[in-house]
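Everything on this sheet refers to the single structure shown next.
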Amino acid sequence: MKELPKIYQPQEVENEIYARWEKSGFFNPDNLDAGESYCNILPPPNANGELHIGHASGYTVMDIFGRFNRMNGKKTLLLPGKDHAGIQTQVVFEKKIKADTGKTRQEIGREEFYKKTYEFCLDRANYMRNQEKKIGISADWSREKFTLDPDVLKNALETFVKMHGDGLIYKGKRIINWCPRCATALSDVEVLHKDTPGKLYFIKYPLENSAAFLTVATTRPETMLGDTAIAVNPKDQRFEKLVGKKVILPLQNTLIPIIADRRIDLTFGTGAVKITPAHDPLDWEIGRDHSLPEIQIINEQALITELGGKYAGLSTLEARQDILADLEKLGLLEKVEDLAHSVSICERCKTTIEPLTSEQWFINVQTLKQKAIEAIEKGELEIFPTNFKRILVDWFGNMRDWCISRQIWWGPQFPVWYCASCGQEKYTVSLEKPASCPHCGGKDLTQDENTFDTWFTSGQWVHTTLQARGDDFKTFYPTDMMITGRDLLFFWASKMIMMSLYATGQVPFKNLFFTGLVLDKEGHKFSKSRGNGIDPLTMIDKFGADALRMSLIMDSAPGQDSRLYEEKIETFRNFANKLWNISRYCLTQEGFELVEKISSADLKSATDHWIVAKLAETTAQVTKLFEAKQIAVAADLLKSFTWNEFADWYVEINKIEKNQKVLGYVLDKLLRLWHPFMPFITEHLWTLNGKEKMLLVSSWPKNLQLTSTTEVLNFETIQTCITTIRNVRAENKIELGKKITLTLNSTTEKALAIFKAPFQEEIIKRLKTGVAEINYNQPEVKLTTEVKRTIGELSLYLDLAGAIDPEKEKVKVEKEIANLENFIAGLSSRLENKEFVSKAPAQIIGQQKETLAKKQAELLQIKKQLELLA
RNA sequence: GGGUGAUUAGCUCAGUUGGCUAGAGCACUUCUCUUACAAAGAAGGGGUCACUGGUUCGAGUCCAGUAUCACCCACCA
């Protein structure tokens, strides 16, 4: 046998292992034995950068579930891909081009820009794919997709055509969120709100034919250029008589009406609101309901338009300064107050949003969202954590029509055609350019210049990727699992449910699992500006992929944020090393091999029974936790079995009392159980143990046999005995080199028989107890050089040869008696409580009675001990 | 303004349907280089489970309220 290094070196084996997995073809479900299917369409990361720790975290969870299901005999598909990520990629790539060539997108031209961005994305996708492999994701690369792949895209665009046919899509001039920097419309979810200190300006509007004024309050005085009314609440008695009258709009010198609308808050500002339908969402609605004219005074570059009179051409901010100065001169600026309010900004570039009316494409979401809510409420998909279900349902409830057109260049163009003679009013919806205009027969057709909202295509990702290939849709849809960050709940998860329900009539996935965000040690988000990023690749280099995976999923519940820092990854690197060394020990054993099955005849000792029982119990629990999606708890359980039971006890005892078959059996199961979490090291150890069939496709342990309870208890007695002795030594500060004598007394021979079984005495002597000699049933004497301890019906006497302090021992025993008496008092009063006895389940009562009896016996023994001390 | 989550050991966090004296890792203290592992082993100290009520035989766990923090949503002129 080749000498293995003392320390596990992941860097030297991980790449080779991944290559073997890929070569095996088992990432492709077509090569797995037919069976029930399991599918997780992986969320496509944006193909414009590199993998960050958030991706690594998500991939780890997906891969853990994927591998678990594959080992459970499911035809498992993890389908990878990349997203073209419209606005974000355009922002990133424009910056890059500017830096590389000094050119702007306009200088390059639309067609060329699109081509170059496409190449850029493919290049990034290629780069990111290699990063994804480093994490160990067992995805089927032969099915990898990009949102702009022709087959996927065509499918998504067909949905547009179908929706249009069903009257769910309309084109209209409505108020939308406009980002002046990105020069595009945005949907509601792409707008962030940032609390900002601002000013509230009180402006006097002169009443028509009167010397009186009506004062309104506004945070954006420049929009007054487009005012077409003043609104007050109909219940507001202050303005009752003014409704229906007119005011003169200062600076523009036009007459605008005073209207009443219940949406006006009586308590805010002056109670009178200027209405600018073209530049404020609420004003737009009020304007629509009162048939007010819309005057667009801000253009798409955030500059004042011709309609703004002398302010035309100024930026909104410059116009504000000038307008305030002019109002001041006219004596119409009553006062200015400080006001904290929230400003809308672009999610991608943080530029202040200008609400403006614009011709855009919308999806009417009324029935779509209703269907989504129904599906969720009927339980057609389960959501983890469960409380996200209500958040999602509430969000759908408030969802407004979805603006899907963008004016950026990077993204698929609308399959909509205009004819030169028909103009913009009559258009044709068709995937292919029509040969002639169906309205007038004209030949001069041009395509709509709008591009789609990224979430329109990625919202169809699940079914479009599966429909792109053979029977995949039939086999895998609806998919089993979708795992995504909780930050994508509204952007993406909601759209997928809605769009797939529409396109296929079924939910896209049966389980929707949200991961939390990965934060730094102080709880901050990772960000470039903060410079607190943890690069997954660097961490893999340093600690190994398995350690990184473990640190990303441990100590965290679904949907809950978690913190990541190097010390944490280090502890799992240490654990991987532990696993390595357990195996290394096993491999040095004569005739050792991994054992798939054992029979009860193979269990020779109490220790064997114990470890096999613990293994069976752990396996059952871990499996159950997997099904409940509680992988962190599962891994924790597995870790304590591996370390605290198998390594600390069974492996230690194996050095004395050997049963290589059981040792091989437990290691065999352990490698399987760990594989979903730590695929690299387990696969490597599997191979080192001479296995030819890959662990990747080996079966998950189930229905492991249970064993004799008596034997298990017997081992636990030995275990307690050893711990007790170690304890006494440490308390009395006796170094291990100093040998002591152990005397075991019991009234029943049965209790002593456990120790007299083969090897047991040696086990006690060699497991760090420093016991040199063991005697049985010696007459009881005064405790002068000895310490007495009790375990059930067993009494332990440890001759410490004068190394004890009888006074200290006495204090300790008295303290223990008090403690026990206290506990017994509590327990017995509970057992005397009639309510408890009549209402608690029998099992609990039985348990507590047992504990009471045990503790009472213990108390008796300890009291005797005190006598012996005195 | 509405909502969600968090609050458990010095730090980072688990705690699955309420059940026996509440757990882990790191850090800390003492000891040990014992042939798988010092990235280790043995032993230990450290917590009125944020607060106040309630439900219950029994609450870290369920309910109500309070406080602090974080995040999300919102048509706050």
Side-chain angles (χ1 to χ4, degrees), chain A residues 4 6-8 175 193 200-201 216-220 223 231 263-265 268-270 272-276 280-286 339-342 355 385 387-388 390-391 394-395 398 400 486-487 489-490 516-517 519 521 523 525 554-557 559-565 567-568 570-588 621 624-625 628 630 632-634 636 639-640 647-648 651-652 655 723 726-727 729-731 733 735-737 766-768 819 822-823 826-827 830 833-841 843-844 847-848 850-852:
Chain A
L4 296 175
K6 279 178 142 187
I7 302 289
Y8 172 54
I175 189 134
H193 302 276
L200 187 61
Y201 303 93
V216 299
T218 180
T219 52
R220 303 190 59 202
T223 61
R263 283 165 284 197
I264 305 303
D265 180 355
F268 192 91
T270 63
V273 186
K274 58 190 269 319
I275 300 296
T276 321
D280 180 278
L282 178 62
D283 292 5
W284 186 81
E285 282 179 25
I286 292 176
L339 177 76
H341 65 133
S342 87
N387 60 303
F388 277 42
R390 227 195 71 219
I391 297 176
D394 288 352
W395 183 84
N398 295 323
R400 296 189 298 179
R486 60 140 231 259
D487 51 330
L489 181 59
F490 305 136
L517 305 180
L519 308 173
K521 195 172 186 180
K525 278 187 195 174
M554 288 296 284
D555 294 345
S556 76
Q560 208 60 49
D561 294 348
S562 67
R563 302 186 186 191
L564 184 71
Y565 38 90
E567 298 93 295
K568 194 162 161 181
E570 213 175 280
T571 67
F572 293 106
R573 186 244 353 227
N574 294 355
F575 176 70
N577 193 46
K578 189 74 190 179
L579 203 56
W580 173 257
N581 273 295
I582 288 171
S583 260
R584 208 161 75 95
Y585 168 80
C586 291
L587 284 166
T588 61
Q621 278 176 324
K624 205 175 133 197
L625 286 162
Q630 296 270 356
V633 187
D636 196 42
K639 184 170 160 226
S640 68
D648 290 349
V651 172
E652 286 306 316
K655 292 173 186 172
T723 330
R726 285 170 178 173
N727 234 308
R729 291 198 82 102
E731 274 163 20
K733 302 209 185 303
E735 68 270 29
L736 200 58
R766 281 182 50 189
L767 259 62
K768 287 185 204 193
N819 191 10
N822 201 6
F823 180 65
L827 202 55
R830 186 178 311 157
N833 187 331
K834 268 188 237 147
E835 300 241 48
F836 173 70
V837 179
S838 64
K839 288 180 184 167
Q843 194 205 346
I844 299 292
Q847 271 175 16
Q848 302 212 351
E850 233 174 80
T851 310
L852 182 64

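Keep in mind the model is a prediction, meaning the values are calculated, not measured. Each chain gets a letter, A, B and so on, in the order its sequence line appears, and its residues count up from 1.
Side-chain N/O atoms of A/Arg726 and base N/O atoms of B/A43 include no donor-acceptor pair closer than 3.5 Å. You won't find any donor-acceptor pair under 3.5 Å spanning the side chain of A/Gln848 and the base of B/C20, going by distance alone. Within 3.5 Å, no donor on the side chain of A/Lys568 pairs with an acceptor on the base of B/U12, nor the reverse. At a cut-off of 3.5 angstrom, the base of B/C37 holds at least one donor-acceptor pair with the side chain of A/Lys578.
When both distances must be under 3.5 Å, the Watson-Crick or G-U wobble mate of B/G18 does not exist. Across all strands shown, B/A39 remains unpaired; no Watson-Crick or G-U wobble contact has both distances below 3.5 Å. The partner of B/A70 is B/U4, judged by Watson-Crick or G-U wobble contacts that both fall below 3.5 Å. Under the Watson-Crick and G-U wobble criteria, each requiring two contacts below 3.5 Å, nucleotide B/G10 is paired to B/C26. B/A64: Watson-Crick or G-U partner is B/U52, with both key distances under 3.5 Å. In this structure, B/C76 forms no base pair with any nucleotide, since neither Watson-Crick nor G-U wobble geometry is met with both distances under 3.5 Å. Base pairing of B/G46 is not made with any nucleotide, judged by Watson-Crick or G-U wobble geometry with both donor-acceptor distances under 3.5 Å.
Between B/A39 and A/Asn581, no contact under 4.0 Å exists linking OP1 or OP2 to a side-chain N or O. For B/A40, one of the phosphate oxygens OP1 or OP2 lies less than 4.0 angstrom from a side-chain nitrogen or oxygen of A/Asn574. A sub-4.0 Å separation between OP1 or OP2 of B/C31 and a side-chain N or O of A/Arg729 is absent. Contact annotation: A/Arg830 does not reach the phosphate of B/C57 (side-chain N/O to OP1 or OP2, under 4.0 Å). For B/U34, the OP1/OP2 oxygens have no side-chain nitrogen or oxygen of A/Lys768 closer than 4.0 Å. Between A/Arg563 and B/U12, a side-chain N or O to OP1/OP2 separation shorter than 4.0 Å is present.
Atoms NZ (A/Lys6) and P (B/A40) sit 13 Å apart, rounded to a whole Å. Whole-Å rounding puts the A/Glu567 CD to B/C28 C1' distance at 16 Å. Rounded to a whole Å, the CG atom of A/Leu587 is 12 Å from the P atom of B/A36. If you measure from atom CD of A/Gln630 to atom P of B/A14, you get 11 Å, rounded to the nearest angstrom. Straight-line distance from the CZ atom of A/Phe575 to the C1' atom of B/A40: 14 Å, rounded to whole Å. Distance A/Gln621 CD to B/G15 C1': 13 Å, rounded to the nearest Å. For the pair A/Gln560 CD and B/A14 P, the computed distance is 6 Å after rounding to whole Å. Rounded to an integer number of Å, the gap from A/Arg573 CZ to B/C26 P is 12 Å.
When the P atom is used for both B/G47 and B/U55, the distance is 31 Å, rounded to whole Å. To the nearest whole angstrom, the two P atoms, one in B/G58 and one in B/A74, are 45 Å apart. One P atom belongs to B/C49, the other to B/U21, and the distance between them is 14 Å to the nearest Å. Nucleotides B/C13 and B/C20 are separated by 25 Å at their C1' atoms, to the nearest Å. As rounded to the nearest Å, B/G25 and B/A39 have C1' atoms that lie 14 Å from one another. B/A9 sits 28 Å from B/U17 when the C1' atoms are compared, rounded to a whole Å. Here the separation of B/C62 from B/U56, taken at their C1' atoms, is 10 Å to the nearest Å. To the nearest whole angstrom, the two P atoms, one in B/G45 and one in B/A24, are 12 Å apart.
Between B/A24, B/A36, B/A43, one nucleotide has an atom nearer to the side chain of A/Ala730 than all others, and that is B/A43. In the set B/G19, B/C20, B/A36, B/G19 carries the atom at the smallest distance from any side-chain atom of A/Ile844. When distances run from any side-chain atom of A/Thr571 to the nucleotides B/C26, B/G19, B/A39, the shortest one goes to B/C26. Counting only heavy atoms from C-beta on, A/Asn727 has its side chain closest to B/A43 among B/A43, B/C76, B/C37.
Ring orientation note: the planes of A/Phe490 and A/Trp395 are close to parallel, at an angle under 30° on the 30°/60° scale.
Using a 4.0 Å heavy-atom cutoff across all strands shown, A/Val651 reaches at least one base atom of the nucleic acid. The residue A/Ala840 sits close to a base: some heavy atom pair falls under 4.0 Å. Within the 4.0 angstrom heavy-atom criterion, base atoms lie near A/Asp265. Within the 4.0 angstrom heavy-atom criterion, no nucleotide atom of any strand lies near A/Ala576. A/Lys655 comes within contact range of at least one nucleobase, with a heavy-atom separation under 4.0 Å. Residue A/Thr723 is in sugar-phosphate contact alone, with no base atom involved, counting any heavy-atom pair closer than 4.0 Å across all strands shown. Nucleic acid contact class of A/Ala647 (heavy atoms, under 4.0 Å, all strands): base. Residue-level contact check: A/Ile264 touches the bases, meaning some heavy atom is under 4.0 Å from a base atom. Contact annotation for A/Thr219: backbone-only contact, meaning every heavy-atom pair under 4.0 Å involves sugar-phosphate atoms and none involves a base. Among the heavy atoms of the strands lying under 4.0 Å from A/Pro841 is at least one base atom, whether or not backbone atoms are also near.
Formation of a donor-acceptor pair under 3.5 Å by the A/Lys578 side chain with backbone atoms of A/Arg573 is not found in this model. For A/Asn581 (side chain) and A/Lys6 (main-chain N/O), a donor-acceptor pair under 3.5 Å exists by modelled atom type. Between the A/Ser583 side chain and the A/Trp580 main chain, no donor and acceptor come within less than 3.5 Å of each other. At least one donor-acceptor pair closer than 3.5 Å links the side chain of A/Arg584 to the backbone N or O of A/Leu4.
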A/Leu200/A/Thr218 under side chain to side chain contact (heavy atoms under 4.5 Å, CB included): CA gap, chis, key distance, verdict: CA-CA 5 Å; A/Leu200 187 61; A/Thr218 180; 5.5 Å; no
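Looking at A/Arg486 and A/Asp561, a side-chain N of the basic residue comes within less than 4.0 Å of a carboxylate O on the acidic one, giving a salt bridge. For the pair A/Lys768 and A/Glu652, the salt-bridge criterion is not met [side-chain N within less than 4.0 Å of a carboxylate O].
Mapping A/Asn819 and A/Glu652 onto RNA chain B via the closest heavy atom, the residue that lands nearer the 5' end is A/Asn819.
At most 12 non-hydrogen atoms from other residues, nucleotides or ligands lie less than 6.0 angstrom from CD of A/Glu850.
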Sugar-phosphate or base contact per nucleotide [nucleotides 60-75 of chain B; S, B, -; heavy atom under 4.0 Å]: -----------SSSSB
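Side-chain contact annotation: A/Asn833 with A/Arg830, donor-acceptor N/O pair under 3.5 Å absent.
The minimum heavy-atom distance between A/Pro281 and A/Pro355, with the atom names listed, is CD-CB, 4.1 Å.
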